[in-house]
Amino acid sequence: MSKICVIGTGYVGLVTGACFADLGNSVTCLDVDENRINKLKAGIMPIYEPGLEQLVEQNVHAGRLTFTTSYSEALKDAEFAFIAVGTPSGVDGEADLQYVRQAAESIADLVEWPIIVVNKSTVPVGTGDWVADVITRRRNGRPLEFSVVSNPEFLREGSAINDFMYPDRVVLGSMHAEAAEKVARLYLSLRCPIMITDLRTAEMIKYASNAFLATRISFINEIATICEELGADVREVARGMGLDKRIGPSFLDAGLGWGGSCFPKDVKALAHMAVLHGSHPQLLQAVMDINRNQRRRVVVKLRRALGTLDQKVIGVLGLSFKPNTDDIREAPALEVIHLLENEGATVRAYDPQAMPNAAAVLPRLQLCQTPYEVAEGADALVLATEWNEFKQLDFERIYRVMRTPVIMDARNLWEPDQMRRIGFTYFAIGRGNQTGGR
Ligand code: UDX
């Protein structure tokens, strides 16, 4: 079993560390945020991820997983140093690499034995080579036997542990085949296809995969807009398309569009790289434009339905960028709320997990304890995130307590016929242009 250091305890680092420990390795997770590490030592997770708390607890208990803020403690005797730090968007959409640099420099300063540096953070194509340069320059002539391997992550929030343990594939890129093979051995027990390529190709696979998935979603959202004009139902259209094996059914749910920590940042960064190198990433620009417009269209529909948004009370169900996470980064719900508030509406909301995070960035937002409290006296109700608990609500009760029974189902979660039978003026995304109501 191997000795692994994981630098960064965000979604990727923490899940990677806990899962490698669970596979029997000895893992030390490092973060420079002392508060975060203290909480982890006390068994408190900094993020909501199903199954993570238990996995961490089991492996800490078994002595395979430890947490520290000390680089020297974390790197001690490590054969592998996984870099899983944040790469936020810079001003122009480029990825900000300051945390990756810090990690690389710390490795250069503290390691005196052969080590494989594995990059899991999503970084611009070419960063693997740059990390190797940073380390070599920092060593300033002092020899160090090291290789850099790019190992992009494909973990979805909310199912990250499952995605780690049952991956569709593991991608490893390196200029040193032997180093890539050593990293491959860490994944052997997962029995999945392992693809070994050069560094830049591995880095590109990550961007291209996320951009493609975002493109599928923007594509179906554009189709949804056309469906609304032509009176077709995008859900059935997507089902009919998805049955074609060449197309497949996933990532064809029309709705409020994509958010989260990856898609927005990665599509922007890929477009930025393309422009820097003289290309015109027209498709990527359109993919981003469509995504932005999905949010605005919801506000336009509500304004039209209510005449004005000024002084209206709008209830929002769901704040996280998707269900089963408390993550609100680039959450479509937040932008919708912001736009509604700008037009003079009072917004109140409920989310099963994301309310503390939302309260920190939306000071005017009124938080409620139940969906029914959100609906009480509201002029419209917006479904922004399709949490399971919103599937089967008591809609008769919601109809009774709302001031005007307008529903904007921005994730196509509910049945139009049922909603209209109850009496709601019901809008969805791409499901014909009928609104109903009694
Ligand atoms: C994504 C990638 O899936 C993962 O491989 C990568 O490594 C990290 O980024 P994640 O951000 O957790 O994972 O979310 P994902 O489940 O992919 O959804 C992204 C966004 O797209 C969400 O806002 C979701 O609501 C939206 N989405 C997804 C749709 O609007 N329609 C769909 O059909 C699917």
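Atoms within a ligand are numbered from 1 in the order they appear, just like the ligands themselves.
Phe82 is listed as a side-chain neighbour of Asn151, based on a closest heavy-atom distance under 4.5 Å. Between Phe20 and Leu65 the shortest side-chain heavy-atom distance does not fall below 4.5 Å.
Residues Arg200 and Asp198 are not paired through a salt bridge, judged by the lack of any N-O separation under 4.0 Å between the basic side chain and the carboxylate. Electrostatic pairing of Glu236 and Arg239 counts as a salt bridge here, judged by a charged N lying under 4.0 Å from a carboxylate O. For the pair Glu415 and Arg235, the salt-bridge criterion is met [side-chain N within less than 4.0 Å of a carboxylate O]. We find that Lys206 and Glu153 are joined by a salt bridge, their nearest charged nitrogen and carboxylate oxygen being less than 4.0 Å apart. Classification of Asp244 and Arg246 as a salt-bridged pair holds, one side-chain N sitting under 4.0 Å from a carboxylate O.
Taking a cut-off of under 4.0 Å to the non-hydrogen atoms of Arg411, the atoms of ligand 1 that pass are 25 (O), 30 (O). Numbered from 1 in the order shown, with element, the atoms of ligand 1 that lie under 4.0 Å from a heavy atom of Glu153 read 7 (O).
For Gln294, no heavy-atom contact with ligand 1 is shorter than 4.0 Å. Under 4.0 angstrom from ligand 1, the non-hydrogen atoms of Lys206 all belong to its side chain.
For atom 18 (O) of ligand 1, the closest heavy atom belonging to the protein is Lys322 CD, 4.0 Å. Counting protein heavy atoms only, atom 27 (N) of ligand 1 is closest to Ile217 CD1, 3.4 Å. Closest protein heavy atom to atom 4 (C) of ligand 1: Leu155 O, 3.6 Å. From the protein, the heavy atom lying nearest to atom 3 (O) of ligand 1 is Arg156 CG, 3.3 Å. Regarding atom 12 (O) of ligand 1, its nearest protein heavy-atom neighbour is Glu157 N, 2.6 Å. Closest to atom 33 (O) of ligand 1 among all protein heavy atoms lies Asp253 N, 2.8 Å. The protein non-hydrogen atom at the shortest distance from atom 1 (C) of ligand 1 is Phe263 CE1, 3.5 Å. The closest protein non-hydrogen atom to atom 8 (C) of ligand 1 is Cys262 SG, 3.1 Å.
For ligand 1, the polar-atom distance check finds no N/O of Trp258 at less than 3.5 Å from any of the ligand's N/O atoms. Taking only nitrogen or oxygen atoms, main chain and side chain alike, Gly259 reaches within less than 3.5 Å of ligand 1. Backbone and side-chain nitrogen or oxygen atoms of Ser261 are examined, and none is located within less than 3.5 angstrom of a nitrogen or oxygen of ligand 1. Ligand 1 has no N or O atom lying under 3.5 Å from any N or O atom of Glu386, backbone or side chain. Between Leu252 and ligand 1, at least one N/O pair is under 3.5 Å apart.
Listed here is the closest heavy atom pair of Gln294 and Thr225: OE1-OG1, 4.0 Å.
When atom types are taken as modelled, the side chain of Ser174 and the backbone of His176 share a donor-acceptor pair closer than 3.5 angstrom. With Asp409 contributing its side chain and Trp414 its backbone, the two residues share a donor-acceptor pair below 3.5 Å.
Taking each of Phe251, Phe154, Tyr11 in turn, the one with a heavy atom nearest to atom 17 (O) of ligand 1 proves to be Phe251.
Residues Glu157 and Ser261 bring a donor and an acceptor atom of their side chains to less than 3.5 Å of each other. Between Asn38 and Lys41, the side chains place no donor N or O within less than 3.5 Å of an acceptor N or O (distance only, hydrogens not considered).
The closest approach between a heavy atom of Gly255 and any atom of ligand 1 is not below 4.0 Å.
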